[in-house]
There are 2 protein chains.
Amino acid sequence: MIAIIKRSFDVQAADVLRQQILSAAIPAGSRLTEVRLAGELGLSRATVRTALHQLVNEGLVVQVPYTGWEVATLTAHDAWELFTLRSSLEALAAGLAAQRAGTLDLDALDRAFEDLQTVCRRRNRAAIADADFALHEAIVKLAGHGRLRAQYRIVEQQIRMCIASSNALIGGGQSIIDEHRPMVEAIRAGDAESAARFARDHNAEASDLLVTHLKRLEEQTAD
Amino acid sequence: MIAIIKRSFDVQAADVLRQQILSAAIPAGSRLTEVRLAGELGLSRATVRTALHQLVNEGLVVQVPYTGWEVATLTAHDAWELFTLRSSLEALAAGLAAQRAGTLDLDALDRAFEDLQTVCRRRNRAAIADADFALHEAIVKLAGHGRLRAQYRIVEQQIRMCIASSNALIGGGQSIIDEHRPMVEAIRAGDAESAARFARDHNAEASDLLVTHLKRLEEQTAD
DNA sequence: TAATTGACGATTGTCGACAATCGTCAATTC
DNA sequence: GAATTGACGATTGTCGACAATCGTCAATTA
């Protein structure tokens, strides 16, 4: 028997809006009005409000009280914040996972790394981003740390939003594998310090490139 | 002329409830009903609902959809999560602040550390916790990282809640000063790596003690 | 006697209506 | 012409009412 999954309307509305924002179907900076969204979603305005509040907490929407809601526009500074935070969280996750490596089933880690290698060989950029995220998700899950997991997801969502809205080119191929292998091996070996260090540093170059790219976009827009 | 600060009722309600939860005036595990709170706060139930949603996002309240709301009960595992996360965020803040030390006014850091030393000499436990938090807040502010700041506050709130609800004894005196001095000096010196390392490690012993204490409490309750 | 069913009160989820606020624009004043 | 004022439509904030859900308890069944 298939369980009926109950999901209240405000949660469902937040899901739909989140998806539209993350895919850039609703562009960054867009005005969101409760009345219009309520009409489109077929819900009461109050329900939509609750959904919007949730998205504000995830950093995807900005509320100006008494005035309105809009999709967050992420600046180069935002990107820097997100990357530094992500790096720190990934380091924590890798270190904790490595500490527990001796007592855990590492199949999920191995599978995720295999998947990453597979898509890197195919040079499918969207799939690379997904597999990269999935690898880190697997590690965060191994850390057994719910708050870390929740926060990591929120940060990663916003990073995806950055990438989607800037049309940034994300590297692929062998370098992605090479960046991740030492971290995965340190986790397997139970070496928490190295795992944390590799996790912290593994994305530094790509992150800097994206931040620089966003700064250039901002300068062009200011002209 | 004093500006009128507009603060919508749902935000004000969240403020009031947060304060009551953090001070343990409403104990952990307490059932919160919208009807009763609305009556007590003199607001509509929908407004209270919005406030409760916000507190859920801060980890202070747990919602069981269709069933109810209650003040979060933080377990030893929760405490472990909070301490590891806090440690990681403090390390990030200290490292970033140290990177910027050459271009910043470090007065706030110095003052906060002085204040900490002052209250440690007086052995006033509540004031020590406040001054400890204020020192880290000052560092987080120096890091110029809004998301880090917001997340740090949420984590720190929950830690206060842990401490308040467990009646744990928090150490004081010279050891607190000794734990913080190397981090503060590394920040002043612009040594990001040391600042991050000292920040990450400086609370390990106290954190472990509290987690162990909570585990013991849980075992007693299970008897 | 234990398990199942049904009723009911309490509470949550959602709705639409009223009140408050804001931004815009035209009219007025200096 | 620039600054100020006032009106108005659009939108947000809050409200109370209706509908849906849950937990509890008594009644019924096996």
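Just so we're on the same page: letters track the sequence lines, and every chain starts at 1. These numbers were taken from a predicted model, which means no experiment stands behind them.
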Check the distance between D/dT11's P and A/Tyr66's OH and give it to me in whole angstrom.
-> 19 Å
Taken to the nearest whole Å, CD/A/Gln12 to P/C/dG13 is 13 Å
B/Arg49 side chain near C/dG13 phosphate (N/O to OP1/OP2, under 4.0 Å) | yes
On DNA chain C, check which nucleotide each of B/Arg31 and A/Leu43 is closest to and give me the residue with the more 5' one.
-> B/Arg31
Establish, with yes or no, whether the OP1 or OP2 oxygen of C/dT12 is under 4.0 angstrom from a side-chain nitrogen or oxygen of B/Gln63.
-> no
Under 3.5 Å, is there a donor-acceptor pair between the side chain of A/Gln158 and the main chain of A/Glu58?
-> yes
Contact class for A/Leu37 vs. all strands (heavy atom < 4.0 Å): base, sugar-phosphate, or nothing?
-> nothing
Rounded to the nearest Å, what distance is computed from the CD atom of residue B/Glu70 to the P atom of nucleotide C/dT12?
-> 12 Å
Could you state the atom-to-atom distance from CG of A/Leu52 to C1' of C/dT14 in whole Å?
-> 16 Å
Once you round it to whole Å, what is the distance between C1' of D/dA20 and CZ of A/Arg7?
-> 19 Å
Whole Å only: how far is the CD atom of B/Glu34 from the P atom of D/dG16?
-> 14 Å
Interatomic distance where CZ belongs to B/Phe9 and P belongs to D/dT12 [whole Å] = 18 Å
Reckon A/Arg36 touches a base, only the sugar-phosphate, or nothing at all at heavy-atom distances under 4.0 Å?
-> nothing
Have A/Thr75 and A/Asp78 got a donor and an acceptor in their side chains that come within less than 3.5 Å?
-> yes
Would you indicate, yes or no, if D/dC15 has its OP1 or OP2 atom less than 4.0 angstrom from a side-chain nitrogen or oxygen of B/Ser44?
-> yes
Could you work out which one of D/dC15, C/dG13, D/dT11 sits closest to the side chain of B/Ala46?
-> D/dC15
Would you call the rings of B/His53 and B/Trp69 parallel, tilted or perpendicular if under 30° counts as parallel and over 60° as perpendicular?
-> perpendicular
Parallel, tilted or perpendicular: which fits the ring planes of A/Phe133 and A/Tyr152, with parallel below 30° and perpendicular above 60°?
-> parallel
Any side-chain N or O of B/Thr47 less than 4.0 Å from the OP1 or OP2 oxygen of D/dC15?
-> yes
